[in-house]
Amino acid sequence: MFLSAVPQPSGEPRSRMSRQSQQQHRTPIRHIDNTVEVKSKFEAEYRRFGLKRNGFGGFQEFYHLLQNIHHIHGVEVLLEYADIHGDLLPINNDENFHKAVSSANPVLRIIITKKEGDSVVYTTNSLQRRRKGLGLTGLRPAGSGSIHSKNKSGLMIGPPQDFRQISSIIDVDILPESYRRVRLHKYGSKKPLGFYIRDGVSVRVTPQGVEKVPGVFISRLVRGGLAESTGLLAVNDEILEVNGIDLTGKSLDQVTDMMVANSHNLIVTVKPANQRNNVAPRGSKNSMGHSGSVGSGGSIGSALSHDSPSPASQSNPITASSSIAEGDSYEEDDDGDVILENDCLSPNKYYPVTNSNSSTLNRDSPHKGQHSVIPQSVSMPNSLGTSLSHSATMMSHHNGGSTHSVSSSQESMKEDGNVITL
Amino acid sequence: VGEFFSTCGFVQPSKECKSRLRGGSHLAGAANNVAPFQRDGAEGCPSCNFLVCVCARAPPSVTRVTSVLTHSSGELLLLGTEGGHVFIVEVPGFRDCRSTIHSDLQKPPYDYIGRRNLEHVEALQENPINSNQVAIGYGRGLMVIWDLNHRCAIRHIPATQQLESMWWTENGSCILSSHSDGSYCCWTLRTGDKKEEEEKSNIPYGHFPCKAINKIVQLPTAGGPPFLLFSGGMPRASYGDRHCITVIYSKTQVAFDFTSRIIDFFVIRDGPHHTEPSALVVLVEEELVVIDLQTEGWPVIQTPYLVPLHSSAITCSHHVSAIPLKLWERIIAAGVVQNTQYSKKLWPITGGQNLAPDPPQRDLLLTGHEDGTVRFWDASGVCLYPLYKLSTAAVFNADADLNDNMSQSAEGEWPPFRKVGCFDPYSDDPRLGIQKIHLCKYSGYLTVAGTAGQILMLELNDEAAEQTVEAKVVDLLQGQEGFRWKGHTQLDVREEPVLFPPGFQPFTVVQCQPPAVVTALNLHSEWKLVAFGTSHGFGVYDYLQKNTVLVKCTLNPSDQLAMEGPLSRVKSIKKSLRQSFRRIRRSRVSLRKHHISNTNKVIQEANARLEAELAEMELAPVQRKIEARSSDDSFTGLVRILCFADTFLSDSSHNTPSLWAGTNGGTVFAYILYIPPVEHRADEALTAQPAKEIQLMHRAPVVGIVVLDGHGAPLPEPLETAHDLARSPDLLGSHHVLVISEEQFKVFTLPKLSSKMKLKLTAVDGSRVRRVGVAWFGSSRTEDYGESGLVFLTNQGDVHVLSLPHIKMQIRYPCIRREDVSGIASCVFTKQGQGFYLMSPSEFERFSLSTRYLVEPRCLVEAPLPPVFSNQHQPKLEGASSALRYMLSPYFPFFLQEIQKSLEGDQT
């Protein structure tokens, strides 16, 4: 394992989310066009308030507003928000604050955590040991004040907090040194994968001598694409495997189709054209993987991340386990088909205006299709991020007054489109 | 006389025949020998086969065989070569070249001395009354009569024009020669030492330069003038592109005008001594045409096999298994009425026995064509036999008169053309092209959909009827703005009543707006609904109330390509061309400006960068972009599949009629249909309510949707249970829906739509699903056991079978070459585990995955055993192995006999 320290999803945040979503059902939503509904949470307390979509200033202003609202003056806090893909993302400057406000549909959910608490959780192994000792029974690290009083100035180890992982080199410990296995995380980002492949001739050393065999190579990287931005792939790298499947004997078109089919979680094994920057396997791979997973164990942000290859490669380091691990994690990702139930489909012209009262009224006359509003449900099977996205979708869809017109249905579908790509 | 290949059946043999002849035709004379081969059928097959071997291996050299003569003794084969030599070999051994006639042995007559080279051997003919004499025709024109016994030339006939073919008349007194300048000559052979006399040189379509006469035949009749037949010879300038065979008998002369190149022809003769010419058999490139020469007017005899499938290009096909007898008879009756122009004469070619058992059921293959016709083929047996032809053009105001082609033989026209053959590749209006067909075999309702968004509902009627076809325009865009359709216009439906002949008669036309090609079609005859889809959306039409039930737009508003129709692509090419020209011009301008000022430096840099990029792109090899599918891709809204199902969509206790639609963008829409009870069906409104929507994460096109009942079996066809032909579906257990995308198979539970299981295809082996069907595989051992399976064809040309409902891979079989894209696209699966695909534009290949339903071309040609075979020759080992090949091929039972015999000989 390298770079991709991967968290174990803890049960705690999820249950918290579902509690929220239940609350959501009970609370009628009032929504006026250009205000953003903000729901912020600090420890066990919730606050709700409105925010002018365009009339609000920058991050600092917002930060102070939150401190005011939660009465936590002087406490250093981290702000995070739930984005439409179900990820927790940080708010720490004007830019990502505006991003957060603009992506709220219609609720912007803010989670406030104490800064000291976090650093404690991420740094020390003492917590992990302690948790193990306690038998891992639902003890919330961030909430247990006894711990963060101890190590106040720990070093940050683990995935960086303010960034979203887009790529990683994996399976360094089991691959030959001259190969590199790269995982590209597409998430829901608009950023294209951005590379081209071509046919070529590969030279292999066999017992019979040097042999020339057809191979597939990277022919071009698109400027600004995911592949280029990782810096892990380069033109003329030979592609050997796609998601653990050997490409020997496959045509360029077949390889293209395979890569497209796996594009949501693409793992390519390449033989880099430039062999000077290879990563040597670490001596103690076990401790590597261990510390990786432990380090981020309590992180809320990465608890929602989808991949978990480290346990597999840890448990099965001798075989070419990567493919299994990849397969597993891919399965999880892949079940992200979105199923919309009936009234999600009823086209909505306006953004939620009615409250649940009117919807119950309308329920009595379901035959007038355009007004029938039943609380919709969106199911996303097996996804780790289900609960969060669930509630997010819930909010975006919990709506009433709707008019039959396809153009507006297109609009609402476009909004849904973001949800769909989960 | 006239033993042709046996019942041959199916369409594949036509290729064999053609390729054999075509292969031989560059041996020039080989094709000419079809007739003699058939006449003495005994050694016809093997020597014919030998020829194929020869020409397959022969490099262009002086020894290349250019003409062949099978001697009537059955013992000799004469091979004329490029170098002008004639080799005489013994059959069937092909061993011993007893003698060779060298061209330099010929001592041309004095006046011929100026030409040194006689060129290749163009033609070989045997004297019909004296088998010791053969005529050798050289390319330069010289003909030599050679005596085989004395091995010397008897006569020289010094023709001066390039020789094309030669014919020795029946009584042996004349030789006809045809030449490259469109002339033919008749040379009378006088007895004694007198010189041959050129009786007459005749250019039949004279005055202006003519094309060559490729083959000439003259046949006597019992009590009258002889028949003269020749191919070619048309005036070069005006009719040089016609493919004609001229028949002259007494004062009658007709130039049969074929639509494709003539490969060969021969005349079948009957009567007590097999002397009367009765039928002309013409093999043209695309079909086999037989003309009755004994009936007044020389009508065409309908071929019982080898009917050209592609008389107009095939655009789609649809297979219906197990047709009820009643419907079958009605279709046949409708077809009989159409075939009045054919000769009443029986098919003149006999020989061979069809050993295939009677087909267990009646199967129909429907082919849709570019010219708006639908042809119904009897696909139950080996041979595809045409039953009925439906033309949809009559519904619309088409510009061209359909009978234009046939009525062109005006009085006094010269040459006296007559159009024959049904191969007609020219379509009057491409919008008429048929894209989708669906036939309900129980109710006799048929729906066909075409290129210009037209959907026709047709009903089988045994009487002719004059009726107005009701047109209904359905706007699939549903008010979506910012759009201009740039494709073809919609077809113009005739408003006045049209007389429709007995058969399938249209009663309603639905026209999609915009008139994009219909990409999905389904018919539910029990609910009387037809569902249709294009690249813009889909709709459901109630053909009882003549009303639209549902219209849904699936178009992504930013999808310009789908919006504007097929022409926008052309436009974009034009645009990019224009842009590149502009770029070049701009760079020139900037170059000029460079001297004047530096103000445009920025533009120049940009130009340079653009050009560098362009150059880079041009230099780059074939490359493929790796990108995830997104909702912004083109044609994501194109509807790929529509399916009706009576299943549990809203809750698990009430089954309701439903419609399922799958798009190119990996979306599945499910609608609950409310259909009034039968007594109110005609007056109460039907409604459709959106119920579910699945967006597959990988966004691959959805190519199939199958609803499985509580037992995991696919739901029966509409009306199937009503006719007691299928077990009613299990409505107690929970239903499932299987969604098949190009990349994977996924089973969802109903009504929850939670994912139950899936099978990935593309992610694992890189192939994608192209065609899919549900088939029932009956056990070959017991009558009552069978399983349902999902059959699919990938873009790699492999056929796979998956078990249902557990979607486990059962078998994979490479079926079609992966390069054969049109073959893969044309594949249809039958309900019994068979399939058809176009192996060429004119040939369907049939394959079977079922052990119970097999259709094999089993037939036998009984050949009289010539005495030469009793003289045992030692078969070589390699001979035996090659004979094994012939055993597999049903057309050479003769070889079987030979091999069996030689094996028996070895044992004793």
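Labels below follow one simple rule: chain letters A, B, ... track the order of the sequence lines, proteins then strands, and each chain is numbered from 1.
Looking at B:E743, the atoms closer than 4.5 Å to chain A (heavy atoms on both sides) all sit in the side chain, from C-beta outward. For B:F748, the part lying under 4.5 angstrom from a heavy atom of chain A is the side chain only. With a threshold of 4.5 angstrom between heavy atoms, B:V668 does not approach chain A through any atom at all.
Taking every heavy atom of both residues into account, B:A763 and A:I245 meet most closely at O-CD1, 3.3 Å. Scanning both residues, A:H264 and B:H698, for their nearest heavy atoms gives NE2-CA, 4.3 Å.
With B:E627 contributing its side chain and A:G194 its backbone, the two residues share a donor-acceptor pair below 3.5 Å.
Just one of A:N262, A:L193, A:V255 meets the side chain to side chain contact (heavy atoms under 4.5 Å, CB included) condition when paired with B:I626; it is A:L193.
The candidate with the highest count of non-hydrogen atom pairs below 4.5 Å against chain B, out of A:Q254, A:M258, A:K250, is A:Q254. Of all the listed residues (B:P751, B:G766, B:S650), the one sharing the greatest number of non-hydrogen pairs under 4.5 Å with chain A is B:G766.
Applying the salt bridge (Lys or Arg N to Asp or Glu O under 4.0 Å) definition to pairs two or more places apart or across chains, none involves residues 260-271 of chain A.
Residues B:V622 and A:R198 form no side-chain contact, since every pair of their non-hydrogen atoms from C-beta on lies 4.5 Å or further apart. Two residues are said to be in side-chain contact when any heavy atoms from C-beta on lie closer than 4.5 Å; A:I339 and B:E693 fail this criterion. Residues B:R624 and A:S219 fail the side-chain proximity criterion, which asks for heavy atoms closer than 4.5 Å.
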Side chain to side chain contact (heavy atoms under 4.5 Å, CB included) assessment of A:D257 paired with B:N795: CA-CA 11 Å; A:D257 287 341; B:N795 64 342; 3.6 Å; yes

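Residues that satisfy the salt bridge (charged side-chain N to carboxylate O under 4.0 Å, His left out) test with B:E742, not counting sequence neighbours, are B:R640, B:R768, B:R770.
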